[in-house]
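Just below is one structure, and these are the notes that go with it.
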4 protein chains.
Amino acid sequence: MNIHSLSRDKKLKVTKRSNNDKYNRILEAAVKVFSTLGFFQSTVSQIAKEAGVADGTIYLYFKNKEDILGNVFSYKTKQVFDQFREEVNKAERAKDKLLSLIKRHLEEFERDKNLANLYLVETYQKVRTAEDQIKEMSKMYLDIISEIVKLGQNEGTIRTDLDITLVKRFIIGAVHEVIFTWVRSANDYRLSFVAEELVELIIKGIGTCDKRKK
Amino acid sequence: MNIHSLSRDKKLKVTKRSNNDKYNRILEAAVKVFSTLGFFQSTVSQIAKEAGVADGTIYLYFKNKEDILGNVFSYKTKQVFDQFREEVNKAERAKDKLLSLIKRHLEEFERDKNLANLYLVETYQKVRTAEDQIKEMSKMYLDIISEIVKLGQNEGTIRTDLDITLVKRFIIGAVHEVIFTWVRSANDYRLSFVAEELVELIIKGIGTCDKRKK
Amino acid sequence: MNIHSLSRDKKLKVTKRSNNDKYNRILEAAVKVFSTLGFFQSTVSQIAKEAGVADGTIYLYFKNKEDILGNVFSYKTKQVFDQFREEVNKAERAKDKLLSLIKRHLEEFERDKNLANLYLVETYQKVRTAEDQIKEMSKMYLDIISEIVKLGQNEGTIRTDLDITLVKRFIIGAVHEVIFTWVRSANDYRLSFVAEELVELIIKGIGTCDKRKK
Amino acid sequence: MNIHSLSRDKKLKVTKRSNNDKYNRILEAAVKVFSTLGFFQSTVSQIAKEAGVADGTIYLYFKNKEDILGNVFSYKTKQVFDQFREEVNKAERAKDKLLSLIKRHLEEFERDKNLANLYLVETYQKVRTAEDQIKEMSKMYLDIISEIVKLGQNEGTIRTDLDITLVKRFIIGAVHEVIFTWVRSANDYRLSFVAEELVELIIKGIGTCDKRKK
DNA sequence: GATGAATGAGCGTTCATTCAT
DNA sequence: GATGAATGAACGCTCATTCAT
């Protein structure tokens with residue numbers, strides 16, 4: 001269980017339960033603050049206040065401001081992503097696996113809107129530490145999709161004339177945008193309820209039956 | 001043809017030919033710098049240096065740092081988006097219109113990678129000025145998609161059992177992600193060449209023919 | 001006893017003994033720098049250096065540059081003015097009260113030449129924060145004079161055919177100018193020693209006994 | 001007739017009537033702007049706009065910003081002060097001379113409120129160029145008072161037991177404060193009408209007849 | 001002479017980070 | 001470990017002054 005892997009290099013300063021609690025409070029606060037203001041407009045002081053600790057305390061648990069963001073991704077967000085694989089394994093058929101993946105994805109992000117927002121915002125940002133973490137998670141996600149697509153092709157349920165790379169972007173893009181819209185909206189609908197229709201769109205497309213006669 | 005509409009309110013200090021050139025040089029420099037570092041990590045000084053002008057000169061053309069970004073969108077990016085509608089009008093059938101739209105979109109962003117990057121980065125950012133501009137452009141884009149979908153439904157080429165809002169997100173998300181991947185890649189392939197396959201995916205989905213028997 | 005009342009609104013960040021010292025050091029430094037260069041030509045850096053603190057430290061105790069000046073008046077200068085009333089109360093007769101007031105005024109300003117200078121300079125300046133503070137103190141001073149004059153009129157020692165407003169200006173103007181001259185001079189004489197002669201001038205005027213025969 | 005004596009050192013750039021007009025327009029504009037905002041908060045651009053000339057034009061007539069202020073005093077304000085002596089000469093007796101002086105002083109400053117304000121503000125400021133000019137004018141004024149007092153002493157109308165330096169400050173301070181009050185008020189009364197009562201105060205003081213029995 | 005666009009030094013202010021307590 | 005006052009580098013922005021036209 002890797003806790004603050006980034007700040008570890010220097011000294012493993014924090015090990016006790018009670019401190020772990022403080023570590024988590026800071027992380028939670030950071031998610032909230034970062035997601036509201038964005039990384040650059042957020043202040044270490046704000047995070048400290050939100051977490052109920054002194055400014056200086058932050059630096060006992062994190063190397064610097066960037067490291068906080070890094071830990072949010074390597075620890076908090078990663079937890080979420082790690083579950084995706086398990087979830088996918090439970091299903092048998094490609095389509096069901098895809099549905100499981102997306103549904104779980106939407107459910108998790110629905111559960112923590114701040115984290116969802118932060119993930120999206122920072123995905124497109126230029127903060128070195130976070131970038132690497134995100135790339136890693138993104139890659140994991142894309143790999144799962146790859147496997148599902150290949151499985152579907154073997155099943156005969158997914159077309160074989162596809163550029164896998166494109167398909168991956170096609171799916172992940174649609175999912176991201178659906179989440180993004182929800183995050184920036186009034187949230188008066190259940191994000192996860194969209195999963196089925198979205199998967200259907202991905203599988204069938206928007207065209208009608210007779211489209212291939214064209 | 002309205003140039004630098006945002007900075008005009010206060011005093012239209014600079015209007016002569018030669019100056020328009022300087023206005024554009026700053027804008028171009030800003031696209032480059034902002035897209036490389038992001039808005040908050042970019043420095044007015046960097047933009048000035050990149051544009052080959054003094055720091056103070058920036059403020060003859062723009063109200064402040066945010067205004068530069070605002071102008072990039074209201075002037076430079078908007079130009080691009082304005083062409084989309086024309087392009088779409090040229091085609092007759094829904095599918096062709098969609099192809100035109102996306103192809104043109106990819107072509108334009110391929111032409112100016114920095115602008116493409118900046119657009120994506122700032123779409124997910126929290127910079128007030130830019131946010132409003134982007135929402136406006138985004139809305140225009142979504143409206144075009146709406147029209148295309150409705151046309152297709154009338155033609156009988158697009159399914160009528162669709163949640164239009166979801167479809168719009170589905171399409172725009174896929175396009176964005178494809179562009180994003182290209183921007184962050186080595187760019188050793190032609191972005192616009194992906195258009196046809198992407199549109200096919202959107203229309204037909206990833207499933208095989210017999211999928212509806214399921 | 002309210003210390004630094006102005007900067008308190010936001011956050012009372014600093015309250016401990018040791019810090020109060022720093023607050024006062026900055027205030028003292030500000031009086032010196034402001035009085036030497038005037039508000040606008042003074043630099044926050046100069047004040048910081050004079051106080052022996054870092055630039056940023058200033059902002060732990062004051063909201064901004066103007067707030068420093070505001071505090072000089074609301075705290076430091078006000079202390080001085082507050083004593084005037086007490087002093088006046090000790091005397092019985094109008095003339096003695098006037099002498100007490102002016103003597104104390106000169107003594108206090110003689111004690112801190114920088115503060116005296118600053119008060120005079122900023123009285124005629126346009127710095128919002130200071131303006132209000134000064135008006136308040138000025139009003140208090142004028143009120144005291146009013147009371148003294150009325151008392152004298154009841155005693156029969158002060159003429160009743162006077163425009164009180166004019167009298168107030170007449171007195172305060174004379175006092176200010178006397179102080180101003182001393183401040184800008186080599187200070188080789190005792191300012192407070194002038195008090196008696198000045199009061200005599202105010203009471204008797206410059207004319208000779210037989211003047212009213214004219 | 002010394003025009004812009006300060007900027008003359010470099011090159012006597014301006015000599016034609018038409019330019020003299022421009023010189024005056026700038027001076028007039030400067031009085032207005034400086035008196036409203038104070039020297040340091042005024043902008044050369046503001047003065048140029050107020051005068052209806054280009055920013056650069058200012059520097060054809062004045063060496064720099066300070067020089068504008070210097071010229072306001074050496075040329076415009078000096079004109080006013082020069083008349084005082086003539087005015088005083090017309091009267092015979094000391095008291096009448098004093099009345100003439102103060103009345104004319106109030107009349108002139110009443111005529112140009114901006115100039116009055118500027119004079120007072122800058123008297124207490126630290127702008128080198130202006131300081132010297134003002135000292136010069138101030139000295140002239142004080143000399144006139146000296147002469148009047150001595151004359152009065154010879155006439156037997158003014159007390160001989162006076163410290164002349166103090167008397168001068170006593171008079172000039174009262175006059176300044178009366179003007180200052182008017183400048184900062186709504187100006188709904190005639191400043192010059194105060195002259196007689198003020199002179200009476202200076203001569204007789206605020207005490208009653210029987211005061212010397214005390 | 002007149003213009004006003006261009007310059008860049010200089011200042012107020014913020015905030016990540018440190019360190020004495 | 002925890003604190004939060006202190007630090008000072010860095011940045012956005014202003015404006016007096018210059019100079020090509």
Side-chain angles (χ1 to χ4, degrees), chain A residues 13-16 18-19 22 40-49 52-68, chain B residues 11 13-16 18-19 22-23 40-49 52-68, chain C residues 11 13-16 18-19 22-23 40-49 52-68, chain D residues 13-16 18-19 22 40-49 52-68:
Chain A
K13 290 170 184 165
V14 188
T15 29
K16 288 180 282 185
S18 65
N19 296 327
K22 208 159 266 183
F40 294 109
Q41 277 171 304
S42 297
T43 283
V44 173
S45 276
Q46 287 168 358
I47 296 172
K49 180 179 282 180
V53 301
D55 291 19
T57 306
I58 300 269
Y59 292 87
L60 297 173
Y61 295 86
F62 303 93
K63 217 168 64 212
N64 52 34
K65 191 184 171 189
E66 260 197 32
D67 188 34
I68 306 174
Chain B
K11 270 190 242 173
K13 288 173 182 166
V14 188
T15 26
K16 287 185 261 179
S18 60
N19 297 325
K22 204 158 272 181
Y23 169 83
F40 293 110
Q41 274 172 306
S42 298
T43 282
V44 173
S45 278
Q46 287 167 357
I47 297 173
K49 184 175 282 180
V53 300
D55 290 19
T57 304
I58 301 272
Y59 294 87
L60 295 175
Y61 297 87
F62 303 92
K63 225 166 60 222
N64 51 36
K65 191 184 169 189
E66 261 199 30
D67 190 35
I68 306 175
Chain C
K11 272 189 240 171
K13 289 172 182 166
V14 188
T15 25
K16 288 184 261 179
S18 61
N19 298 325
K22 207 158 270 182
Y23 169 82
F40 293 110
Q41 275 172 308
S42 298
T43 282
V44 173
S45 279
Q46 288 167 358
I47 296 173
K49 184 175 283 180
V53 300
D55 290 19
T57 304
I58 300 272
Y59 293 88
L60 295 175
Y61 297 86
F62 302 93
K63 226 169 55 222
N64 52 34
K65 191 185 170 189
E66 261 199 31
D67 190 36
I68 307 175
Chain D
K13 288 168 185 167
V14 188
T15 30
K16 287 181 281 184
S18 64
N19 295 327
K22 206 160 266 184
F40 293 108
Q41 276 169 307
S42 298
T43 282
V44 172
S45 277
Q46 288 168 357
I47 296 172
K49 181 179 281 180
V53 301
D55 290 20
T57 305
I58 300 270
Y59 292 86
L60 297 174
Y61 295 87
F62 303 93
K63 218 168 62 211
N64 54 33
K65 191 186 172 188
E66 260 197 32
D67 188 33
I68 307 174

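Chain A is the first sequence line, chain B the second, and so forth, proteins listed ahead of strands; every chain is numbered from 1.
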Selected nucleotide, minimal atom distance to B:Tyr61 side chain, candidates F:dA5, E:dT7, E:dA5 =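 The closest nucleotide is E:dA5.
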Would one find a side-chain N or O of C:Lys22 under 4.0 angstrom from OP1 or OP2 of F:dA6?
->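 True: C:Lys22 side-chain N/O within range (under 4.0 Å) of F:dA6 OP1/OP2.
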Within this structure, what is the [atom1]-to-[atom2] distance between [X] and [N], rounded to whole angstrom?
X: B:Leu60; N: F:dT17; atom1: CG; atom2: C1'; answer: 14 Å
X: B:Ile58; N: F:dC15; atom1: CD1; atom2: C1'; answer: 16 Å
X: D:Lys49; N: E:dT3; atom1: NZ; atom2: P; answer: 14 Å
X: B:Phe62; N: F:dT14; atom1: CZ; atom2: C1'; answer: 18 Å
X: C:Ile47; N: E:dT13; atom1: CD1; atom2: C1'; answer: 14 Å

Consecutive Watson-Crick or G-U pairs in runs of at least 3, all under 3.5 Å, in which DNA chain E is involved |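 If one scans DNA chain E for consecutive Watson-Crick or G-U pairs, the stems found are E:2-21 with F:2-21.
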Look at the side chain of B:Lys22 and the backbone N and O of B:Val53, then say whether any donor-acceptor pair between them is shorter than 3.5 Å.
->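 Judged by distance alone, no pair lies under 3.5 Å.
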Any idea how C:Phe62 and C:Tyr23 line up, ring-wise: parallel (<30°), tilted (30 to 60°), or perpendicular (>60°)?
->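 The rings of C:Phe62 and C:Tyr23 lie parallel, inter-plane angle below 30°.
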Restricting both atoms to N or O, compile the protein contacts to nucleotides 9-13 of chain F shorter than 3.5 Å, with distance only.
from: F:dG12; atom 1: OP1; to: B:Ser42; atom 2: O; distance (Å): 3.4
from: F:dG12; atom 1: OP1; to: B:Lys65; atom 2: NZ; distance (Å): 3.1
from: F:dG12; atom 1: OP2; to: B:Val44; atom 2: N; distance (Å): 3.1
from: F:dC13; atom 1: OP2; to: B:Tyr59; atom 2: OH; distance (Å): 2.9
from: F:dC13; atom 1: OP2; to: B:Lys65; atom 2: N; distance (Å): 2.9

Could you grab the distance from atom CD1 of C:Ile58 to atom CD1 of C:Ile68, nearest 0.5 Å is fine?
->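 Interatomic distance, C:Ile58 CD1 to C:Ile68 CD1, rounded to 0.5 Å: 5.0 Å.
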For B:Glu66, all residues meeting side chain to side chain contact (heavy atoms under 4.5 Å, CB included), sequence neighbours excluded =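 Side chain to side chain contact (heavy atoms under 4.5 Å, CB included) check on B:Glu66 returns B:Phe39, B:Asn64, B:Val127, B:Arg128, B:Thr129.
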